[in-house]
Trainee: 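Okay, here's the structure, questions in a sec.
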Amino acid sequence: MSTNPAKSSASDSSGTKITQAMILAAGKGTRLRPLTLTTPKPLVEVGGQPLIVWHIKALKAAGIDDIVINTSWLSEKLMAALDDGSQYGVKIHWSVEDGEPLETAGGIAKALRDGHLKPSPFILINGDVWTDYDLAQLTDYVMTPDQQAHLLMIDNPDHNSKGDFAINNGMANEQAIAEAQKYTFAGVSVISPSLVKDIAQGQVAPLAPLLKRAMLKLQVTAEVMQAHWVDVGTAERLEQINHKIASEGAGAHKASLD
C-alpha cells in the first residue's frame, strides 16, 4: 500500500475523528436496466441484502452512525425501504434531489447547503461499489489545512485497464510522473466540504473536474487499498459478486448477514 505522509503527520497531532458519511445513491442505474426501471440501484440485492445496506452496516461497524444519502430516481422506494436508519442503528439524513440528479459534486453541495452534512470532513462512498475494506481505517484520517480530498484507489480492473489517477509520493495526479502507475478510483474517499464551495445552488456538477483541479494544486492525496472491490454497475458484474459471496463468503466485510 502506498504511504500517505499527510495522514501520518496530521494524525499524530489531533484526536479528531470523522463522524459523518455520505452515500451517493441518486443515479438512475441505466447500466443495470431493466432491473433498475422498477428498483432503485441501491436496493439491488448483493449477497442476500441490498447493496446500500452493506455500506450502512460497514459505516456502523466503523463507528459512524450519522449518514447522509442523496436520492432522486425512485426516491420514494429507497426511502421507504431504509426509513430513518434506526433498523440498522444509524441516523439517515435524506437529501432528495427533485427532477434530474445533481451529479456527485452537486449532490454533495446540496447536502451541505441544506444542513444534512456538517461543515467538516466526511467519508464519501459511491453507492454502486462493493468492497470489504474496513472503513474504520478512515475515521482517524486528519486532513492538512489546504487538503481537499483523500482517495482510495484499487488495482485496475479489466473494465478500466488504463486507470483513473496516478499516485506520486502520496499525492494523486491525473497524469503519471516518471514510473508511477495509474490506478482506478475505488469510489471511497474522505472529502473536505471546501472542495464543492463554488458549486451554485441547484447546479448539476460532477466531482471529477473538481478533484483534477485540486490535484494540480497538490491538494489531493491517495493510497491503494488492499481489499476486494467490485463496481456493481452492470448485470455481469452483479452476477459475479453474487457468485463470489455465495461460494466464498463476504471475506473481511464487517457487514455480513446477521
Side-chain angles (χ1 to χ4, degrees), residues 1-11 18 21-24 27 31 46 51 54-55 58-59 62 103-105 108 121-144 146-192 195-196 206-234 236-238 240-241 244 251-253:
M1 178 179 293
S2 65
T3 57
N4 176 14
K7 178 178 180 178
S8 58
S9 60
S11 296
I18 293 176
M22 180 171 182
I23 303 174
L24 297 170
R31 294 179 298 167
V46 170
L51 176 57
W54 288 94
H55 298 315
L59 287 166
E103 292 277 5
T104 44
I108 294 169
F122 57 93
I123 294 174
L124 181 69
I125 303 175
N126 288 5
D128 55 1
V129 301
W130 186 95
T131 179
D132 60 4
Y133 178 81
D134 184 0
L135 295 171
Q137 297 178 70
L138 293 180
T139 58
D140 288 325
Y141 191 88
V142 181
M143 288 190 163
T144 56
D146 294 328
Q147 190 176 356
Q148 299 295 315
H150 178 67
L151 310 181
L152 294 189
M153 313 291 279
I154 199 77
D155 289 330
N156 298 327
D158 292 340
H159 59 84
N160 193 46
S161 59
K162 294 183 178 180
D164 298 316
F165 304 117
I167 303 177
N168 300 292
N169 295 320
M171 307 303 297
N173 299 99
E174 186 175 4
Q175 301 298 329
I177 298 175
E179 300 300 317
Q181 179 180 341
K182 293 189 76 172
Y183 298 92
T184 291
F185 176 42
V188 181
S189 56
V190 177
I191 299 292
S192 168
L195 181 64
V196 299
L207 193 61
L210 302 183
L211 287 173
K212 292 174 183 178
R213 192 179 310 153
M215 287 175 189
L216 293 175
K217 299 177 183 179
L218 301 180
Q219 295 175 328
V220 180
T221 57
E223 63 179 300
V224 180
M225 68 179 192
Q226 305 300 322
H228 189 79
W229 176 92
V230 177
D231 172 3
V232 191
T234 66
E236 179 184 7
R237 293 200 289 274
L238 175 61
Q240 289 173 353
I241 185 59
K244 177 191 182 300
H253 208 295

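One-based numbering along the sequence shown. Small disclaimer: the values here were computed from a predicted structure and weren't measured.
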Trainee: side-chain contact (heavy atoms from CB on, under 4.5 Å), that's the test. Do Val196 and Leu210 meet it? Break it down for me.
Mentor: CA-CA 8 Å; Val196 299; Leu210 302 183; 4.0 Å; yes

Trainee: Please examine the side chains of Thr221 and Tyr141, heavy atoms only from C-beta on, and report whether any two atoms are closer than 4.5 Å.
Mentor: yes

Trainee: Over all heavy atoms of both residues, which pair between Leu238 and Ile241 is shortest? Give the atoms and the distance, please.
Mentor: O-CG2, 3.2 Å

Trainee: Over all heavy atoms of both residues, which pair between Leu135 and Leu59 is shortest? Give the atoms and the distance, please.
Mentor: CD1-CD2, 3.5 Å

Trainee: Please report the closest heavy-atom contact between Ala149 and Met143, naming both atoms and the distance.
Mentor: CA-CE, 3.5 Å

Trainee: Which atoms form the tightest heavy-atom contact between Ala105 and Pro206, and what is the distance?
Mentor: CB-O, 3.4 Å

Trainee: Taking atom NE2 of His159 and atom CG of Asp231, what is their separation to the nearest 0.5 Å?
Mentor: 5.0 Å

Trainee: What orientation do Trp130 and His228 show, parallel under 30°, tilted 30 to 60°, or perpendicular over 60°?
Mentor: perpendicular

Trainee: Should Leu124 and Met22 count as side-chain neighbours, where that means a heavy-atom distance under 4.5 Å?
Mentor: yes

Trainee: Return the OG to CE distance between Ser189 and Met153, rounded to the nearest 0.5 Å.
Mentor: 11.0 Å

Trainee: Do Leu151 and Met215 touch side chain to side chain, with heavy atoms closer than 4.5 Å?
Mentor: yes

Trainee: How about Val230 and Gln240: do any of their side-chain heavy atoms sit closer than 4.5 Å?
Mentor: no

Trainee: With sequence neighbours excluded, tell me which residues meet side chain to side chain donor-acceptor pair (under 3.5 Å) with Thr184.
Mentor: Asn156, Asn160

Trainee: Just wondering, do Thr131 and Ile154 contact through their side chains at under 4.5 Å, heavy atoms?
Mentor: no

Trainee: From Asp132 CG over to Trp229 CH2, what is the distance, rounded to the nearest 0.5 angstrom?
Mentor: 13.0 Å

Trainee: Tell me the closest heavy-atom pair linking Asn168 and Gln175, and the distance in Å.
Mentor: ND2-O, 3.7 Å

Trainee: Could you give all pairs that pass the salt bridge (charged side-chain N to carboxylate O under 4.0 Å, His left out) test and reach residues 181-191, with sequence neighbours left out?
Mentor: none

Trainee: So do the side chains of Ile108 and Phe122 get within less than 4.5 Å of each other, counting heavy atoms only?
Mentor: yes

Trainee: Any salt bridge (charged side-chain N to carboxylate O under 4.0 Å, His left out) involving residues 207-217? Give me the pairs, sequence neighbours left out, ordered by first then second residue.
Mentor: Glu174-Lys212

Trainee: Quick one: list whatever passes side-chain contact (heavy atoms from CB on, under 4.5 Å) with Asn126, sequence neighbours left out.
Mentor: Leu24, Asp128, Val129

Trainee: Run the side-chain contact (heavy atoms from CB on, under 4.5 Å) test against Ala214 and tell me which residues pass, sequence neighbours left out.
Mentor: Gln148, Leu195, Gln219, Val220

Trainee: I need the minimum non-hydrogen distance between Gly127 and Ile23, along with the two atoms involved.
Mentor: CA-CG2, 4.0 Å

Trainee: Which pairs, with at least one residue in residues 147-167 and sequence neighbours excluded, count as a salt bridge (charged side-chain N to carboxylate O under 4.0 Å, His left out)?
Mentor: none

Trainee: Can you tell me how far the CD atom of Gln147 sits from the CD1 atom of Ile191, to the nearest 0.5 Å?
Mentor: 9.5 Å

